[in-house]
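Take a look at the structure below.
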Amino acid sequence: MVRKLRRLPKVLTKSFRKEYYQQPGTLPGTIIIDEDAEYPTIFLIDYNQTNFIRQQIATPEECVNYLDTESISWVDVQGLGNRDILQSLGNVFDLHPLVLEDVVNMAERPKIEDFDDQLLIIARMVVPKEKTCGFYSEQVSLVLGKNYLLTVQEEPEHDCFEAVRVRIEKGKGIIRKQGTDYLAYALLDAIIDGFFPVLELYGERIEELEEEVIVKPTPQTLQQIYQIRRELLQLRRAIWPQRDAINSLIRDSGELISDEVRIYLRDCYDHVVQVMDMVETYRELASGLMDVYLSAVSNKMNEIMKVLTVVSSIFIPLTFVAGIYGMNFNTEKSPYNMPELNWYWGYPICLALMGVIALGLLFFFWRRGWLSNSVTVKRD
Amino acid sequence: MVRKLRRLPKVLTKSFRKEYYQQPGTLPGTIIIDEDAEYPTIFLIDYNQTNFIRQQIATPEECVNYLDTESISWVDVQGLGNRDILQSLGNVFDLHPLVLEDVVNMAERPKIEDFDDQLLIIARMVVPKEKTCGFYSEQVSLVLGKNYLLTVQEEPEHDCFEAVRVRIEKGKGIIRKQGTDYLAYALLDAIIDGFFPVLELYGERIEELEEEVIVKPTPQTLQQIYQIRRELLQLRRAIWPQRDAINSLIRDSGELISDEVRIYLRDCYDHVVQVMDMVETYRELASGLMDVYLSAVSNKMNEIMKVLTVVSSIFIPLTFVAGIYGMNFNTEKSPYNMPELNWYWGYPICLALMGVIALGLLFFFWRRGWLSNSVTVKRD
Amino acid sequence: MVRKLRRLPKVLTKSFRKEYYQQPGTLPGTIIIDEDAEYPTIFLIDYNQTNFIRQQIATPEECVNYLDTESISWVDVQGLGNRDILQSLGNVFDLHPLVLEDVVNMAERPKIEDFDDQLLIIARMVVPKEKTCGFYSEQVSLVLGKNYLLTVQEEPEHDCFEAVRVRIEKGKGIIRKQGTDYLAYALLDAIIDGFFPVLELYGERIEELEEEVIVKPTPQTLQQIYQIRRELLQLRRAIWPQRDAINSLIRDSGELISDEVRIYLRDCYDHVVQVMDMVETYRELASGLMDVYLSAVSNKMNEIMKVLTVVSSIFIPLTFVAGIYGMNFNTEKSPYNMPELNWYWGYPICLALMGVIALGLLFFFWRRGWLSNSVTVKRD
Amino acid sequence: MVRKLRRLPKVLTKSFRKEYYQQPGTLPGTIIIDEDAEYPTIFLIDYNQTNFIRQQIATPEECVNYLDTESISWVDVQGLGNRDILQSLGNVFDLHPLVLEDVVNMAERPKIEDFDDQLLIIARMVVPKEKTCGFYSEQVSLVLGKNYLLTVQEEPEHDCFEAVRVRIEKGKGIIRKQGTDYLAYALLDAIIDGFFPVLELYGERIEELEEEVIVKPTPQTLQQIYQIRRELLQLRRAIWPQRDAINSLIRDSGELISDEVRIYLRDCYDHVVQVMDMVETYRELASGLMDVYLSAVSNKMNEIMKVLTVVSSIFIPLTFVAGIYGMNFNTEKSPYNMPELNWYWGYPICLALMGVIALGLLFFFWRRGWLSNSVTVKRD
Amino acid sequence: MVRKLRRLPKVLTKSFRKEYYQQPGTLPGTIIIDEDAEYPTIFLIDYNQTNFIRQQIATPEECVNYLDTESISWVDVQGLGNRDILQSLGNVFDLHPLVLEDVVNMAERPKIEDFDDQLLIIARMVVPKEKTCGFYSEQVSLVLGKNYLLTVQEEPEHDCFEAVRVRIEKGKGIIRKQGTDYLAYALLDAIIDGFFPVLELYGERIEELEEEVIVKPTPQTLQQIYQIRRELLQLRRAIWPQRDAINSLIRDSGELISDEVRIYLRDCYDHVVQVMDMVETYRELASGLMDVYLSAVSNKMNEIMKVLTVVSSIFIPLTFVAGIYGMNFNTEKSPYNMPELNWYWGYPICLALMGVIALGLLFFFWRRGWLSNSVTVKRD
């Protein structure tokens with residue numbers, strides 16, 4: 001008996017509930033391991049203009065040797081399910097306790113923290129879901145050092161860095177000739193560009209709803225509009241701080257970012273602003289759709305009421321007339337008691353009267369435009 | 001059976017979907033050729049105070065000689081459908097890879113980029129559609145050098161530069177005496193002025209809807225209000241960054257812009273602000289119209305309900321009275337069984353009773369103002 | 001058949017359509033003469049502490065002699081319908097082409113432009129309409145020089161400077177002892193003060209609507225609220241840039257404005273802020289009225305529905321009972337066929353039954369408060 | 001016949017209409033005497049650490065002697081109904097014409113004006129009305145000199161300075177040991193603290209409306225919500241500029257304010273921000289109440305419609321069945337003409353049929369929850 | 001008879017009413033003791049790297065000796081019900097009168113005040129209520145000196161500092177090695193982290209309401225949405241100034257905060273921003289829910305009206321037909337008087353006619369989709 005509306009996916013609140021916060025009063029810098037988190041997989045890519053090494057390693061310690069060399073080392077950790085590995089990661093890269101906490105805590109806001117010889121970049125990556133219109137949202141932390149880059153991803157499943165790995169391996173573009181700052185830029189650019197396919201899905205879905213909401217608004221339509229608004233709200237929360245982060249990366253960051261890479265970051269910044277623009281546009285459209293929905297429902301009600309009113313207003317008076325001549329006043333007792341019943345033309349006159357009443361009312365409704373309107377809609 | 005509502009043109013989302021983004025992870029600076037794009041046509045105008053040359057050229061290389069001279073060279077590329085030509089354009093004008101990408105990518109936000117010896121201006125031009133109230137939106141990129149100006153337009157069809165070409169050819173105004181910065185200003189001014197005719201159309205359409213929404217609101221009205229809001233949203237997205245761009249052109253740009261031209265740019269800036277003002281005003285009006293629409297629909301419902309209520313409330317009690325005297329209680333079995341039926345004045349009294357009831361109710365409705373109102377509306 | 005709603009005056013859009021923009025691509029500095037514009041009338045007032053001359057002149061050239069003297073010359077041009085006069089105005093006062101364009105183009109935003117030896121002030125003056133609640137809006141341009149002030153008004157009909165002229169002529173206040181900057185302040189002050197009577201009309205009209213919207217909301221009420229919102233939007237567009245203009249006049253303008261006059265301009269600035277405050281307040285009130293209107297319409301619907309429901313719910317069951325005893329089952333064929341019809345107390349019992357049903361329903365409605373409410377409203 | 005809704009008090013617009021503005025073109029610095037204004041009463045308090053004098057004086061000239069002494073003189077003028085006294089006030093305190101105009105014009109925005117040796121503070125004081133939930137709003141001007149303080153109040157009736165007078169007289173706190181700046185602070189603090197009791201009333205009234213709007217929304221509720229929004233708008237207009245004024249008093253004012261008093265003013269500033277906070281909170285609550293009201297009215301409508309639908313939908317089909325067997329087809333002419341009428345069980349079967357229909361419909365409505373819902377509400 | 005809606009808890013207004021303000025005109029620095037306040041309990045914790053003392057003391061004077069030592073003294077006062085103790089607290093810690101007032105006045109906005117050798121931090125702590133979804137809100141004041149920290153809490157019941165006390169006692173983390181600034185940070189961090197569990201409750205409740213509002217909207221749903229909005233408004237008022245306070249602590253505070261602690265405070269600042277983000281997100285969701293609620297109620301109305309219209313529109317015409325043949329025209333007087341009654345197939349033809357009418361109407365409604373829709377919903 002309960003109406004089966006598609007349940008709202010618990011996207012938003014889930015991410016808050018589980019991961020967002022530590023118990024109040026927790027020691028700052030505490031690492032909390034989510035028991036559902038996957039075991040960390042660590043990939044090492046070490047390259048310079050001539051050499052390229054790509055391998056999976058078991059523990060952070062294995063990459064210590066690479067870090068000391070002049071070549072660029074990119075250590076990519078996927079999954080956060082083991083405290084020891086994370087701890088040794090902290091040791092190997094000499095991370096401040098708060099950095100380690102930020103990296104592990106999966107619900108940080110995107111931001112930049114500058115620690116003189118290290119630069120912490122927290123970003124948020126989105127990946128479109130395959131079937132429905134939604135997205136996975138995952139935190140990516142980048143720790144940028146002089147000749148190494150540490151990236152930490154929440155889960156190994158979704159990843160938007162493969163294209164960058166291929167570019168390094170095949171030496172496409174200038175990536176092999178540049179430093180870690182360019183690598184960080186390339187990854188950030190891949191993260192930002194990952195928002196566009198997600199937004200494309202929302203564009204399509206809003207377009208579908210625009211038609212649905214006017215032609216055939218149902219409670220499901222309402223639910224979908226609400227859901228889109230909710231998810232766009234989430235996208236917005238992911239992208240706004242990213243803009244600030246990239247902006248302060250361009251302006252405030254120290255010597256770890258070269259001037260040449262700053263030009264590229266400006267391009268990246270333009271893309272972030274484009275994403276924000278689109279999110280805001282979609283939000284306004286979705287909010288406008290809600291208004292349209294409400295009006296469309298009222299319109300439907302008007303049509304329903306018109307039918308009821310036309311039918312009732314015509315037949316109720318007619319029924320009254322018929323009721324009059326259904327009364328049983330005794331015509332024999334008095335010449336005033338319903339003499340019409342005995343008239344020769346009584347019945348035809350009565351029918352004619354009804355016809356006149358009906359036509360009069362129809363004319364009244366037709367002039368108001370209620371009739372023609374209903375008919376039109378009927379014929380379409 | 002499906003109601004034939006005019007389908008919403010897919011203006012907004014189309015431009016996003018096709019052109020807005022490259023595949024995530026694409027190499028920065030990659031040029032992507034849209035297969036529907038038209039083959040580039042290249043026009044060269046070279047002039048100084050005394051000479052004027054205007055010709056179509058086949059490849060960018062043909063204009064190399066003109067670039068070296070002191071005279072001002074304006075190279076205008078229309079259409080983006082060939083990679084080689086775009087690439088050689090990059091070589092001839094010595095464009096940074098990111099500049100070339102911005103120029104080719106047709107969904108950039110308007111902006112200014114300063115590369116010391118070159119100034120990249122991305123602008124957005126709108127052209128009103130002839131029949132309906134809508135507009136084509138097209139990106140125009142300007143690359144301003146010391147004595148050359150490169151402009152790249154998305155399509156050859158729409159163009160708002162012809163008036164400027166004529167002014168150069170005929171030597172009207174001071175354009176032949178000024179440098180490339182004045183030429184760039186003249187083109188920007190033509191782009192901005194192109195927004196006014198589009199806005200005029202929206203002004204007229206809003207005016208029509210203002211009347212329609214109060215006198216005769218239909219679902220089509222709702223749809224049109226929504227569409228106007230959507231298109232104004234799009235105009236707004238085109239004009240806001242343009243303001244910032246022109247503002248930073250006035251304040252921040254280096255030596256490529258002379259002080260005299262800055263005065264003209266301030267005039268151009270005033271026009272951008274006027275456009276923004278009008279867009280915001282129209283947006284507020286359209287948003288107010290939505291409220292009015294909702295209220296008007298409720299008003300209509302009220303009128304419908306009044307008719308139903310007046311008719312039903314009068315005739316249902318009367319029908320009940322008629323029903324009473326249509327009962328078949330056996331008057332012969334008891335003097336209490338409907339003796340009225342045998343009264344001499346039974347029927348007239350009954351009719352009189354009905355008349356009294358009807359008049360009483362009419363009076364009740366008249367005092368509430370429901371009656372007079374319906375009648376008024378009927379007579380109009 | 002069409003309902004005669006008072007047509008919305010086309011205030012807003014008219015001013016945009018006709019005058020706002022030049023054809024795109026027009027030469028900057030072009031003067032466009034609106035064919036409906038009136039022929040310019042020129043008034044010259046020349047005064048110093050001792051002398052005062054006031055005369056109408058035919059062409060701008062006639063005032064050249066006055067401009068060179070130490071005394072203050074105020075040239076007031078009313079009407080814009082002749083190109084030659086405007087052009088010679090430009091020559092006499094040595095105006096930059098863009099200044100002349102701004103002065104003639106009647107839809108500029110209020111602003112300040114500083115040209116070292118001249119200060120252009122574009123302002124917007126409003127004059128209340130006599131009968132209806134509306135206003136004429138007219139652009140006034142002031143060009144302030146060392147010892148002259150040129151003012152250009154759109155039309156000769158409306159003018160709010162007469163009080164200032166009288167003050168000069170009669171030597172009231174300190175105006176004869178001060179320079180052109182004080183004169184410009186006095187005119188600006190008169191322009192700003194002209195907004196208050198217009199706002200007073202809106203205050204009164206909103207007050208009337210506040211009562212109307214709750215006591216007796218009609219579609220006309222809705223239309224009027226919308227119109228007020230529209231006109232306040234227009235006032236807002238006129239007053240906001242005026243604030244910025246006066247502010248930059250106080251802070252940024254050069255030596256043409258003396259420190260003493262700056263104190264007076266601060267007073268003028270306070271008035272502009274007051275006007276803005278009132279406009280915003282009225283806008284919020286009008287927007288709140290729209291909400292109230294919608295609620296009031298819903299309330300009316302509730303009352304209508306209550307009447308319908310009470311009447312229908314009482315009489316439909318009664319009619320059913322009457323219908324039962326109007327059936328023609330043959331009582332002679334069976335003792336089970338409507339024996340009630342032959343009972344001695346059949347009819348009274350039937351009537352009593354109906355009475356009980358009616359009272360029961362009345363009690364039900366009374367407890368819900370529907371009955372009492374309708375009655376109350378009826379009696380008021 | 002007109003519904004007696006409590007008329008909206010004309011608080012807002014009155015203050016605008018009468019006092020807000022002078023006739024456009026009035027000479028700056030003109031003093032306009034409102035004919036309803038009361039005759040000014042002047043109180044003088046003169047004190048230092050040891051002495052205290054408090055007396056009423058007739059004309060401003062009487063206090064000249066006190067102004068020259070080292071002791072602090074506080075001249076408090078209440079009422080503005082006499083031009084001569086105001087003029088001589090200007091002479092005695094050597095006020096700039098614009099200051100005098102500001103002091104007399106009762107609708108200035110709160111602000112600070114610094115005239116080197118004098119500091120003009122315009123503030124706005126509110127006093128709760130005793131019976132209804134509203135407030136009187138009155139302008140208070142403070143002119144702070146080296147060893148005197150002039151305060152001008154609009155009316156003698158409402159006053160929130162008595163507590164300060166008592167503190168001076170009894171020498172409570174440090175007020176006798178401090179200068180005029182501390183006295184000005186003490187008065188400003190009293191003015192700001194006067195907002196809290198007014199806000200408390202609104203808090204209570206919103207709380208009452210919160211219950212009313214859900215349990216029993218009536219048109220009066222709507223009116224009250226609108227009125228609260230209107231009055232909060234007015235409070236907001238009074239308090240916002242006060243914040244800016246106190247802030248610039250702390251930061252920008254010259255030597256007339258000592259550093260120690262600045263600390264106290266910071267406390268006062270905190271209170272202003274609290275008041276603003278509360279006003280904004282109440283505004284949001286009132287705006288939310290409007291939404292709730294609209295929803296509650298719709299809910300009521302739903303309940304009404306449910307009753308109508310349930311009753312009509314059950315009895316209309318039953319009446320139809322009864323109507324069938326009330327037809328007069330001649331059973332004797334044909335065996336197909338209503339043979340049911342002559343059946344032995346005809347009538348019972350007919351009643352049973354009706355019962356089945358009624359139960360079926362009841363079941364239908366019960367499963368939809370319409371029935372139970374109505375019943376529940378009935379029982380509460 | 002009054003509907004028993006869960007009463008809104010008077011959370012918001014209570015805190016304002018009782019504690020927010022002192023009587024206008026009160027001497028600044030006055031301490032007002034709320035008669036319901038609990039008697040102050042004082043705890044002293046004194047520690048350095050090696051020693052740790054934790055004890056309850058009766059009067060502030062008992063801790064004087066500890067304050068002079070090099071070790072860090074944390075004095076925690078819980079409850080504000082005794083004037084003498086508060087006064088002697090002021091003496092022992094040498095507090096400015098305004099500081100003491102701020103500490104005792106329980107409705108201050110969170111803020112920072114810098115008094116060179118002391119730093120006053122006013123913060124607001126929230127504690128979730130156990131059963132319902134709400135929270136207790138309590139002010140906490142921190143006075144930070146060179147080697148002491150005074151904290152004053154409103155009530156002893158709720159406390160979020162226990163975890164910090166344990167950390168000090170057990171020497172966990174670096175807290176024993178750091179100064180009072182780190183201790184203050186640790187407490188602030190505990191206060192901010194205390195917001196997350198409260199927000200989690202709101203996240204859950206919004207999720208529940210999201211389902212309820214679409215599947216089964218009731219007046220209670222409306223009330224709950226309003227209440228959540230109200231409480232989130234309150235949370236927002238608590239957290240916004242906290243952000244500003246912590247921000248100015250990081251940037252502006254003097255030597256009492258070391259650079260190392262500033263890094264930790266930046267982490268704390270990130271958490272505040274997260275809290276604000278979540279509050280704003282929840283506010284937007286709750287506001288969207290209100291729209292959905294309104295639409296859902298309209299949808300319900302549509303369904304109700306559809307049933308009424310379908311039933312009425314089918315049976316009212318049928319009843320009219322039955323009424324016709326219930327008329328008593330005398331068939332014997334004329335062959336035109338209802339000859340159908342005497343036809344052989346009269347009754348079957350009449351029934352067939354009714355069937356055709358009913359089917360026609362059903363078809364009409366089915367094509368409009370009203371029928372199928374109602375049925376679908378019924379079956380779910």
Side-chain angles (χ1 to χ4, degrees), chain C residues 160 162-164 167 172-173 189-190 193-194 196-197 200 203-204 207 210-211 214-215 263-264 267 270 273-274 277-278 281 284-285 288 291-292 294-296 298-299 301-302 305-306 308-309 312-313 316-317 319-320 323-324 326-330 333-334 336-338 364 367-368 370 377 380, chain D residues 1-5 7-8 10 12-13 16-17 20-29 98 107-109 111 113 219 222-223 226 229-230 233 237 290 293-294 297-298 300-301 304-305 307-308 311-312 315-316 318-319 322-323 325-328 338 341-348 350 378:
Chain C
C160 56
E162 193 53 32
V164 178
R167 265 157 60 197
K172 278 201 258 181
D189 197 49
D193 284 354
F196 287 107
E200 189 186 355
E204 281 171 15
E207 210 169 84
E210 277 172 354
E211 212 159 311
I214 292 183
V215 174
I263 291 176
Y264 284 94
D267 190 64
D270 285 348
V273 173
Q274 270 185 12
D277 241 32
M278 287 171 74
T281 301
E284 288 224 29
L285 286 178
D291 292 353
V292 174
L294 199 54
S295 300
S298 288
N299 266 325
M301 179 104 67
N302 264 6
M305 292 310 301
K306 267 185 209 161
L308 177 61
T309 300
S312 299
S313 301
I316 285 177
T319 303
F320 165 65
I324 294 241
M327 294 196 295
N328 294 320
F329 281 95
N330 195 337
K333 289 281 163 104
S334 146
Y336 298 118
N337 275 358
M338 309 183 76
F364 172 82
R367 280 205 37 201
R368 294 211 152 188
W370 298 359
V377 174
D380 278 344
Chain D
M1 197 58 207
V2 179
R3 253 159 277 161
K4 280 175 219 143
L5 290 172
R7 286 213 25 173
L8 294 173
K10 312 211 165 178
L12 183 75
T13 36
F16 284 149
R17 202 156 335 140
Y20 222 150
Y21 68 95
Q22 313 169 347
Q23 221 40 35
T26 317
L27 201 61
L98 287 175
E108 287 293 319
R109 288 184 97 220
K111 63 172 177 181
E113 294 270 349
L222 175 61
Q223 190 183 8
Y226 177 74
R229 285 175 75 178
R230 212 177 65 162
L233 201 56
R237 282 187 48 219
M290 196 65 112
Y293 180 82
L294 198 55
V297 167
S298 288
K300 278 216 137 180
M301 179 104 68
I304 294 170
M305 292 310 301
V307 169
L308 177 61
V311 170
S312 299
F315 285 100
I316 285 178
L318 295 188
T319 303
Y325 295 105
M327 294 194 296
N328 294 320
M338 310 184 76
L341 297 180
N342 292 315
W343 290 354
Y344 189 81
W345 295 104
Y347 183 56
C350 176
K378 188 183 161 188

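In what follows, chains are A, B, ... by sequence order, proteins preceding strands, each numbered from 1. The basis for the numbers below is simple: all heavy atoms, side chains too, and nothing from hydrogens, waters or symmetry mates. None of the values given here were measured: they were computed from a predicted structure.
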Q) Is C:Asp270 paired with D:Lys111 through a side-chain N to carboxylate O contact shorter than 4.0 Å? A) yes
Q.
Between C:Asp291 and D:Arg229, is there a side-chain heavy-atom distance shorter than 4.5 Å?
A. yes
Q: Could you tell me whether the side chain of C:Glu210 reaches within less than 4.5 Å of the side chain of D:Arg230, counting heavy atoms only?
A: yes
Give the member of [options] that has the highest number of heavy-atom pairs under 4.5 Å with chain D.
{"options": "C:Ser313, C:Gly326, C:Ser298", "answer": "C:Ser313"}
{"options": "C:Asn330, C:Asn299, C:Asn328, C:Thr319", "answer": "C:Asn328"}
{"options": "C:Ile316, C:Val273, C:Asn302", "answer": "C:Asn302"}

Under 4.5 Å from any heavy atom of chain C - which part of [X]:
{"X": "D:Trp345", "answer": "both"}
{"X": "D:Met327", "answer": "backbone"}
{"X": "D:Tyr293", "answer": "side chain"}

(Q) Please determine whether side-chain contact (heavy atoms from CB on, under 4.5 Å) holds for the pair D:Trp343 and C:Ser334, giving the CA-CA distance in whole Å, both sets of side-chain angles, and the decisive distance to 0.1 Å. (A) CA-CA 8 Å; D:Trp343 290 354; C:Ser334 146; over 6 Å; no
Q: Check whether the ring centres of C:Phe320 and D:Phe315 lie less than 6.0 Å apart, and answer yes or no.
A: yes
Q | Heavy-atom pair of closest approach, residues D:Tyr226 and C:Val292 | A | CD1-CG2, 3.6 Å
Q: Could you tell me which of D:Leu318, D:Ile304, D:Val297 has the largest number of non-hydrogen atom pairs under 4.5 Å with chain C?
A: D:Ile304
